[in-house]
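Chain letters run A, B, ... following the sequence lines, proteins first and then strands; every chain starts at 1. Bear in mind the structure is a predicted one, so any value in this text is a computation, not a measurement.
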Amino acid sequence: MQSIFTWYAKWIREGKLKVNSDWNKNLKIKFTVQDPCNIIRKSFGDACAQDLRFVVKSCVGEENFVDMAPNMSNNYCCGGGGGFLQSGYTEERLAYGQKKLDQIVATGADYCIAPCHNCHSQIHELAEHAPKHWGTVHLWTIICLSLGVLCRNERTYLHDDLKEVNIPEWDETEFLV
Amino acid sequence: MADEPLVLTKREGKSFKDIVMEKLPDGGNLNACLTCGTCAAGCPATGLAGMDPRKVVRMAALGMDEELKKTPWAWFCSMCTRCVHACPMNVNIPQLVYNMRASWPRDQRPRGILRSCDAALSTDTCSAMGAREEDFEFIVNDVLEGVREQPGFENIQAPIDKQGAYFFLNQNSREPVNEPEEMIPLWKIMHLVGADWTYGSKGWAAENYCMFLADDDAWKHITEVSIRKAEELGCKVFLNTE
Ligand code: SF4
Ligand code: SF4
């Protein structure tokens with residue numbers, strides 16, 4: 001069992017995945033990243049967390065990445081894990097998520113990359129309770145954006161600031177609503 | 001509970017803590033707690049239902065078994081293991097919580113988790129949303145057809161049960177069921193790096209709600225179906241996509 005984060009990192013290092021952060025040079029859109037407990041703390045540790053950061057920075061530009069505090073194996077659970085999302089205890093789940101919400105707000109990021117589906121659902125919901133509604137995206141979305149192959153219909157979780165950025169010239173798809 | 005003095009009486013037989021300790025390597029170090037509070041200070045579930053991880057460990061030590069088995073806090077701890085990571089004595093609080101969950105009668109555990117586990121048990125795809133093999137195949141091929149119209153992706157693949165593929169990929173059910181277009185970026189990446197990969201018709205679903213339900217036999221079954229399929233196909237690497 002291996003994590004795809006490590007493979008993304010390897011493919012970028014080997015030049016197989018030609019990501020490029022130029023699209024964000026002038027935009028300077030800020031990104032942070034969640035460390036999924038099941039992948040980082042519980043399975044692959046800080047080496048994998050470093051790979052994850054390497055991938056994110058390669059895609060959005062080093063200067064546009066803002067880490068959470070604490071981070072990597074020390075990061076907080078988002079509150080979507082352990083079955084919380086399906087447990088029906090919504091109020092407690094959001095109270096649990098307050099720590100994550102505060103952490104993301106403190107980064108000032110425009111987007112939080114949530115590379116696990118549970119985290120994605122929870123962090124997406126937390127954003128609705130934050131003063132600034134950050135965007136919550138999967139990692140593969142940002143990789144394809146920076147490869148220039150992300151079509152309009154694959155941008156559901158991107159906000160208006162990124163709806164038209166680095167669109168493939170051949171893209172004839174439409175935004176999904 | 002807090003205002004009443006706690007009267008400890010001698011018990012007959014084993015306590016809840018003793019029983020849990022027998023199941024865990026090194027007894028989960030459940031007797032080693034220094035009551036330092038590091039766990040509680042860094043736990044996002046501290047304060048919910050008037051509980052926190054240190055309290056749970058103390059209650060176990062004091063034999064407050066009925067209270068432990070009743071508190072809904074068992075479902076507010078996400079078993080994220082941050083407390084173990086920080087604990088100077090390596091006290092395995094999440095495993096204690098897992099066993100607190102397991103002490104609930106199965107049909108009284110949170111319905112959403114229960115239903116997700118039962119759905120996963122109802123099909124060999126192990127999808128907690130009950131997506132079946134033919135549903136998955138249809139969705140994947142339908143989405144794939146659309147992507148193949150894009151220049152550069154005419155030959156993109158998203159194989160199911162490809163014998164001998166290097167990577168076995170799993171996928172959270174919410175993607176094929178609720179937002180199939182979210183699978184496309186992943187496929188594009190695999191295509192661009194030239195990876196040899198496959199899904200399995202059985203065991204492709206990445207989620208395992210039976211583990212969260214604390215149903216031992218069921219979560220082992222789910223895990224085994226995936227692994228068996230990956231082995232049967234002769235895949236080298238089981239690649240977790242989330
Ligand atoms: S961090 Fe460990 S030793 Fe300290 S109170 Fe918690 S369980 Fe006990
Ligand atoms: S495993 Fe449970 S008790 Fe430990 S830090 Fe996470 S939520 Fe808190």
What's the separation between atom [atom1] in [X] and atom [atom2] in [Y], rounded to the nearest 0.5 Å?
X       : Y       : atom1 : atom2 : answer
N74(A)  : H85(B)  : CG    : NE2   : 4.5 Å
S73(A)  : R82(B)  : OG    : CZ    : 10.5 Å
H117(A) : T241(B) : NE2   : OG1   : 10.5 Å

Are E179(B) and T156(A) close enough that some pair of their side-chain heavy atoms sits under 4.5 Å apart?
-> no
Side chains of E92(A) and P72(B): does their closest heavy-atom pair fall under 4.5 Å?
->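 No; the side chains remain at least 4.5 Å from each other.
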Chain A interface, residue from [options] that has the most non-hydrogen pairs under 4.5 Å:
options                            : result
V193(B), L48(B), N172(B)           : V193(B)
P185(B), P110(B), G194(B)          : P185(B)
L192(B), I184(B), L114(B), V147(B) : I184(B)
K188(B), Q150(B), E182(B), E207(B) : E182(B)

Checking heavy atoms, do the side chain of [X], its backbone, both or neither come under 4.5 Å from chain B?
X       : result
P115(A) : backbone
C78(A)  : neither
L145(A) : neither
L85(A)  : side chain
H138(A) : side chain

When heavy-atom pairs shorter than 4.5 Å are enumerated against chain B, which of N38(A), N75(A), T6(A) gives the highest number?
->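 Between N38(A), N75(A), T6(A), the count favours N75(A).
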Residues 62-71 of chain A vs chain B, non-hydrogen distance cutoff under 4.5 Å, contacting residues -> P70(A)
Write out, in numerical order, the residues from residues 8-18 of chain A with a heavy atom short of 4.5 Å from a heavy atom in chain B.
->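 Within residues 8-18 of chain A, the residues that come under 4.5 Å of chain B (heavy atoms only) are Y8(A), W11(A), K16(A), L17(A).
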Between F76(B) and Y96(A), is the ring centre distance below 6.0 Å?
->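 Between Y96(A) and F76(B), which both carry aromatic rings, the centre distance is not below 6.0 Å.
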Chain A contact via F153(B) - side chain, backbone, both or neither, heavy atoms under 4.5 Å | side chain
